[in-house]
Amino acid sequence: MHENRIDRKFAALRAQGSKAFIAYICAGDPSFEATRALALRLEKAGVDILELGLPFSDPLADGIVNQLAAQRALDAGATPRAVLDCVRQIRRDSQIPIVLYTYINPLLALGFEAFHRDAEEAGVDGLLILDLPPDEEGSELAPVGGMRRIRLIAPTTPDERISRITAHAGGFIYYVSREGVTGEQASVAETLAERVEAIRRTTSLPVVVGFGVSNPDQAGQVAQLADGVVVGSAIVKRIAQFTGQPEMPDLVAEFVRPLAAAAKLG
């Protein structure tokens with residue numbers, strides 16, 4: 001399996017003793033021009049890996065903030081092909097690792113293999129398919145080409161299933177903690193540490209945590225326990241808040257900078 005930008009980024013961070021900061025934004029929200037500007041500004045603000053959401057009309061796994069972002073992008077005319085064109089535009093100026101966050105339907109509509117080839121050629125490094133568990137893959141939905149297949153693990157995933165999921169993963173493991181970070185932080189951190197350890201026992205891949213993280217303290221806390229932190233809704237909310245202002249990408253980058261700095265110190 002040839003090395004790709006995700007692998008190289010984690011290797012570089014490990015060598016520096018640093019953690020990964022991963023930002024999620026929805027491609028095409030509010031426009032592809034904005035997405036390209038955001039990608040470049042976020043990289044300068046300390047983002048190590050960019051997760052780009054492929055807008056979909058029925059985003060079952062997303063909260064309201066990300067659902068509204070997908071709807072704004074679709075209303076503005078976003079399509080899967082346009083998302084790949086946007087990646088090509090970003091690649092003219094940046095080598096930031098890019099993961100597409102998507103549901104299976106848009107991929108099937110374009111042809112599963114064809115989409116993989118087009119996405120890899122555009123410069124996508126990884127694919128996170130939210131509604132495709134490894135045991136439903138079969139040979140016709142198995143990973144194609146050099147893109148890494150990122151896998152999700154939830155707090156409710158039984159231990160015996162974790163090793164089945166990590167065995168079919170590439171790039172990194174994304175642990176989605178649905179518990180939030182409000183209330184008793186200590187107990188949340190305890191269960192988080194346990195879960196991350198359980199995952200690490202089954203794989204040498206980095207484990208990152210998406211956690212409802214919305215401020216630098218939380219980012220630092222999570223980064224102490226994992227190999228990276230994912231922030232999505234908090235960033236998407238700022239994009240919505242600042243849309244219409246010409247300096248929107250800069251304002252969003254200013255919000256992200258302290259989050260990224262806290263995560264790296266983790």
Side-chain angles (χ1 to χ4, degrees), residues 1 4 6 22 24-29 32 35 49-88 97-158 161-178 203 205 208 210 230 232-233 236:
M1 194 185 271
N4 80 358
I6 296 170
I22 303 174
Y24 168 88
I25 61 175
C26 179
D29 170 36
F32 284 115
T35 299
I49 296 173
L50 184 65
E51 260 189 28
L52 276 185
L54 195 80
F56 181 51
S57 55
D58 196 16
L60 301 172
D62 288 296
I64 188 68
V65 171
N66 290 346
Q67 285 181 28
L68 290 171
Q71 199 51 57
R72 285 193 298 271
L74 291 168
D75 290 346
T79 65
R81 289 203 189 287
V83 172
L84 297 187
D85 283 339
C86 180
V87 172
R88 287 186 189 95
I98 293 176
V99 173
L100 280 190
Y101 171 105
T102 183
Y103 293 84
I104 186 85
N105 276 14
L107 276 55
L108 296 176
L110 287 173
F112 196 74
E113 271 195 52
F115 180 85
H116 276 71
R117 279 197 304 274
D118 291 351
E120 190 172 359
E121 178 270 321
V124 175
D125 304 291
L127 206 51
L128 197 167
I129 306 174
L130 288 154
D131 51 351
L132 180 63
D135 28 19
E136 286 179 25
E137 250 170 31
S139 55
E140 69 281 6
L141 298 179
V144 179
M147 284 191 301
R148 301 298 183 252
R149 183 70 65 83
I150 314 300
R151 302 288 184 186
L152 290 172
I153 291 178
T156 50
T157 306
R161 189 169 160 70
I162 289 176
S163 54
R164 287 214 300 278
I165 295 173
T166 58
H168 293 90
F172 57 89
I173 302 295
Y174 188 163
Y175 177 66
V176 189
S177 176
R178 288 272 177 230
T203 181
L205 289 172
V208 309
V230 185
S233 300
V236 174

field: Candidate pair Leu100 and Leu84, rule side chain to side chain contact (heavy atoms under 4.5 Å, CB included), full reasoning
entry: CA-CA 10 Å; Leu100 280 190; Leu84 297 187; 3.9 Å; yes

Rounded at 0.5 Å granularity, tell me how far [atom1] in [X] sits from [atom2] in [Y].
X      : Y      : atom1 : atom2 : answer
Leu130 : Leu152 : CG    : CG    : 5.5 Å
Leu68  : Cys26  : CG    : SG    : 10.5 Å
Arg151 : Leu205 : CZ    : CG    : 11.0 Å
Ile162 : Thr203 : CD1   : OG1   : 11.0 Å
Gln67  : Ser57  : CD    : OG    : 11.0 Å
Ile49  : Ile150 : CD1   : CD1   : 7.5 Å

Which atom of [X] lies closest to which atom of [Y], heavy atoms considered:
X      : Y      : result
Pro106 : Leu54  : CB-CD2, 3.8 Å
Pro155 : Ser177 : CG-CA, 4.0 Å
Arg148 : Gly170 : CB-C, 3.7 Å
Pro143 : Glu137 : CD-OE1, 3.9 Å
His116 : Leu127 : NE2-CD2, 3.4 Å
Pro80  : Leu110 : CB-CD1, 3.4 Å

Do the non-hydrogen side-chain atoms of [X] and [Y] ever get within less than 4.5 Å of each other?
X      : Y      : answer
Glu136 : Asp131 : no
Arg149 : Leu132 : yes
Phe112 : Ile129 : yes
Asn4   : Glu120 : no
Phe56  : Asn105 : yes
Leu107 : Leu141 : no
Val99  : Tyr174 : no
Thr35  : Val83  : no

field: Working for side chain to side chain contact (heavy atoms under 4.5 Å, CB included), residues Ser233 and Asn66
entry: CA-CA 6 Å; Ser233 300; Asn66 290 346; 3.8 Å; yes

Heavy atoms from other residues, nucleotides or ligands near CZ of Arg88 exceed 12 (cutoff 6.0 Å): yes

field: Pair Thr102-Phe115, side chain to side chain contact (heavy atoms under 4.5 Å, CB included): steps then yes or no
entry: CA-CA 12 Å; Thr102 183; Phe115 180 85; 5.5 Å; no

query: In terms of the angle between their ring planes, are Tyr103 and Tyr101 parallel, tilted or perpendicular, with boundaries placed at 30° and 60°?
result: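 Geometry flag for Tyr101 against Tyr103: perpendicular rings.
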
- prompt: Got a sec, which pairs hit salt bridge (charged side-chain N to carboxylate O under 4.0 Å, His left out) with one end in residues 104-114, sequence neighbours left out?
  reply: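 Those involving residues 104-114 are Glu113-Arg117.
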
task: Using the salt bridge (Lys or Arg N to Asp or Glu O under 4.0 Å) rule, take Arg72 and Asp75 through it: C-alpha gap first, then chi angles, then the decisive distance, then the call.
output: CA-CA 5 Å; Arg72 285 193 298 271; Asp75 290 346; over 6 Å; no

